[in-house]
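These numbers come from a predicted model, not from an experiment. Each chain gets a letter, A, B and so on, in the order the sequences are listed, and its residues count up from 1. Values below: every heavy atom of this structure, side chains too, minus hydrogens, waters and symmetry copies.
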There are 2 protein chains.
Amino acid sequence: MSAPTLSVASWNINSVRLRMPQVARFLTENAPDVLCLQEIKCQEHLFPRQAFIDLGYEHIALTGQKGYHGVATVSRIPLREYARHDWQDNGEARHVGVELLGPGEGVILENVYIPAGGDLPDREKNPKFGQKLDFLERMTRWSEGIERPTLLVGDFNIAPLDCDVYDHKALLKVVSHTPIEVETLGRLQAAHDWVDLGRKHIPAPERNYTWWSYRTYWQGKDRGRRLDHMWASPDLAANSTGHKIAEHTREWEKPSDHVPIISEFAL
Amino acid sequence: MSAPTLSVASWNINSVRLRMPQVARFLTENAPDVLCLQEIKCQEHLFPRQAFIDLGYEHIALTGQKGYHGVATVSRIPLREYARHDWQDNGEARHVGVELLGPGEGVILENVYIPAGGDLPDREKNPKFGQKLDFLERMTRWSEGIERPTLLVGDFNIAPLDCDVYDHKALLKVVSHTPIEVETLGRLQAAHDWVDLGRKHIPAPERNYTWWSYRTYWQGKDRGRRLDHMWASPDLAANSTGHKIAEHTREWEKPSDHVPIISEFAL
DNA sequence: GTGATTTAAG
DNA sequence: CTTAAATCAC
């Protein structure tokens with residue numbers, strides 16, 4: 001018999017209602033214990049709760065709003081909603097935190113959708129870019145106070161390493177890979193010594209993309225970026241045993257522009 | 001061997017681009033010589049011309065506009081575009097007339113989409129209702145001058161007979177079956193002694209619906225109306241040999257709210 | 001390019 | 001309920 005494990009997946013689903021069949025397929029084929037979704041794009045009362053229950057993911061914590069953003073954490077193991085941080089400071093639904101109660105008891109799981117930040121990497125001309133940096137700063141302040149083993153997952157909308165994008169030089173001025181974003185994300189990481197599980201298990205410079213734009217994917221040039229991440233507290237990271245990217249979902253019919261990432265832990 | 005015939009179909013398709021697969025199925029299964037479509041809902045350059053050519057309907061006359069209205073006549077037999085009447089007097093694409101050049105030579109085929117007329121049957125409170133009546137008046141003036149054998153087909157948006165709706169009394173104040181509309185349509189009919197082929201071959205009070213609202217169809221109460229018609233000049237009507245309603249298409253996947261009607265003529 | 005929303009129209 | 005368009009955000 002095998003040792004007890006915990007598996008956690010994260011996926012920016014870009015409308016959970018539209019893609020529920022794909023979510024069901026992913027859960028059936030991969031059976032993670034917990035799935036964190038971003039960009040569910042629906043209000044809480046419209047979340048397809050029953051579909052998740054039918055799939056065995058009956059423990060659900062979510063925050064949603066009409067049309068945009070919204071995150072949900074669905075789980076086969078019991079959980080308790082722990083927090084909803086408004087790091088955007090404007091009421092947008094971008095975070096839900098839970099505490100695992102079954103296997104993995106005591107682990108805190110933070111599901112976040114960091115703002116995309118608009119097109120221009122300039123605080124003055126593009127307020128959304130400033131909001132993104134401010135969001136990261138607030139997360140940094142928050143990180144400094146963490147005292148429990150925590151897994152921070154979601155769509156960070158930043159590809160930090162040179163090898164996290166298909167063309168480092170070309171993307172230096174493209175929001176998601178600008179030096180200021182990378183530095184700001186670096187301070188967040190340093191504030192809790194967060195361990196980047198994607199790169200722990202798929203070391204740089206190995207290809208590790210999680211997102212391909214709808215605009216260019218059809219060109220087949222593999223213009224990907226690593227925007228989705230799982231960061232663990234050092235103590236929790238010590239138990240992480242693997243990390244994978246379900247890249248094949250990008251080829252599914254009417255796919256999300258992001259693909260799921262999955263981490264496994266020994267308990 | 002059989003005598004030469006001409007068959008003509010008419011169908012308010014409610015977006016020809018969205019329903020091209022259904023149109024193809026209808027043409028394959030019914031093989032009319034000519035099909036008149038209403039509510040194609042596209043500009044002329046976006047009409048799926050090649051799809052019709054591939055199906056053998058290579059002779060095409062159409063008038064379209066962005067988003068709404070628009071009519072198209074597609075044919076296996078050669079035709080010549082004859083007229084585009086602006087009976088709405090505002091440039092909307094609601095009519096195209098053709099002259100058949102092959103079998104049926106000399107027949108004029110008028111394809112029209114008469115305005116729905118809005119919700120309130122009141123000229124003052126609802127200008128659209130007045131426009132509908134004015135449209136019919138202009139058609140009446142036009143009818144008085146017809147000199148060639150003509151088939152007038154399309155979505156008239158009026159159910160003239162008591163038995164043309166599921167509940168005559170209940171619909172007396174519902175646009176499509178109000179006395180004023182029925183009378184105005186009656187004057188149009190009288191102006192050329194138009195023969196109502198639907199009722200020539202399916203005599204009143206037999207059920208003869210061509211449209212069921214999206215809003216109520218799911219209730220399964222057969223709340224239909226006969227809004228689509230084929231009217232023939234008396235001389236041409238003498239050659240009409242049959243008329244049918246392709247009601248089963250209303251059960252197809254993602255159907256139009258209207259179903260095709262088909263008339264056959266001996267030549 | 002894709003999705004949600006709103007509006008207009010049916 | 002259904003469609004197209006326009007808008008906005010990503």
Cationic tip of B/R250 above B/Y217 ring, under 6.0 Å, 45° of axis: yes
One thing to verify: whether [Y] and [X] come together as a salt bridge, which I'm taking to mean a side-chain N less than 4.0 angstrom from a carboxylate O.
| X | Y | answer |
| --- | --- | --- |
| A/D196 | A/R226 | yes |
| B/D134 | B/R123 | yes |
| A/R199 | A/D164 | yes |
| A/R207 | A/E247 | yes |
| A/E44 | A/R84 | yes |

Over how many whole Å does the gap from [X] atom [atom1] to [N] atom [atom2] extend?
| X | N | atom1 | atom2 | answer |
| --- | --- | --- | --- | --- |
| B/E92 | C/dA9 | CD | P | 9 Å |
| B/D257 | D/dA4 | CG | P | 12 Å |
| B/W211 | D/dC1 | CH2 | C1' | 11 Å |
| B/Q22 | D/dT2 | CD | C1' | 13 Å |
| B/Q131 | C/dA9 | CD | C1' | 13 Å |
| B/N126 | C/dG10 | CG | P | 10 Å |
| A/N12 | C/dG3 | CG | P | 13 Å |
| A/H258 | C/dT2 | NE2 | P | 14 Å |

So if I take every side-chain heavy atom of [X] and compare against [options], which nucleotide ends up nearest?
| X | options | result |
| --- | --- | --- |
| A/K254 | D/dC10, C/dG3, D/dA4 | C/dG3 |
| A/R17 | D/dA4, D/dC10, C/dA4 | C/dA4 |
| B/S15 | D/dA9, D/dA4, D/dT2 | D/dA4 |
| B/N14 | C/dT5, D/dT3, D/dA4 | D/dT3 |
| B/K66 | D/dC1, D/dA6, D/dA4 | D/dA6 |
| B/L18 | D/dC8, D/dT3, C/dG10 | D/dT3 |
| A/R215 | C/dG3, D/dC10, D/dA4 | D/dC10 |

Going by side chain to side chain donor-acceptor pair (under 3.5 Å), B/Q38 matches just one of B/N14, B/N12, B/N111. Which one? B/N111
Please classify the nucleic acid contact of A/H69 as base, sugar-phosphate, or nothing, using heavy-atom distances under 4.0 Å. sugar-phosphate
Any side-chain donor paired with an acceptor under 3.5 Å for A/T178 and A/E181? yes
Proximity to DNA chain C (any heavy atom under 4.0 Å), residues of residues 110-125 of chain B only: B/Y113, B/A116
With a cut-off of less than 4.0 Å, is there a side-chain N or O of [X] near OP1 or OP2 of [N]?
| X | N | result |
| --- | --- | --- |
| B/K128 | C/dG10 | yes |
| B/R19 | D/dT3 | yes |
| A/R94 | D/dC10 | yes |

Contact nearer the 5' end of DNA chain C, comparing A/P255 with A/Q65: A/P255
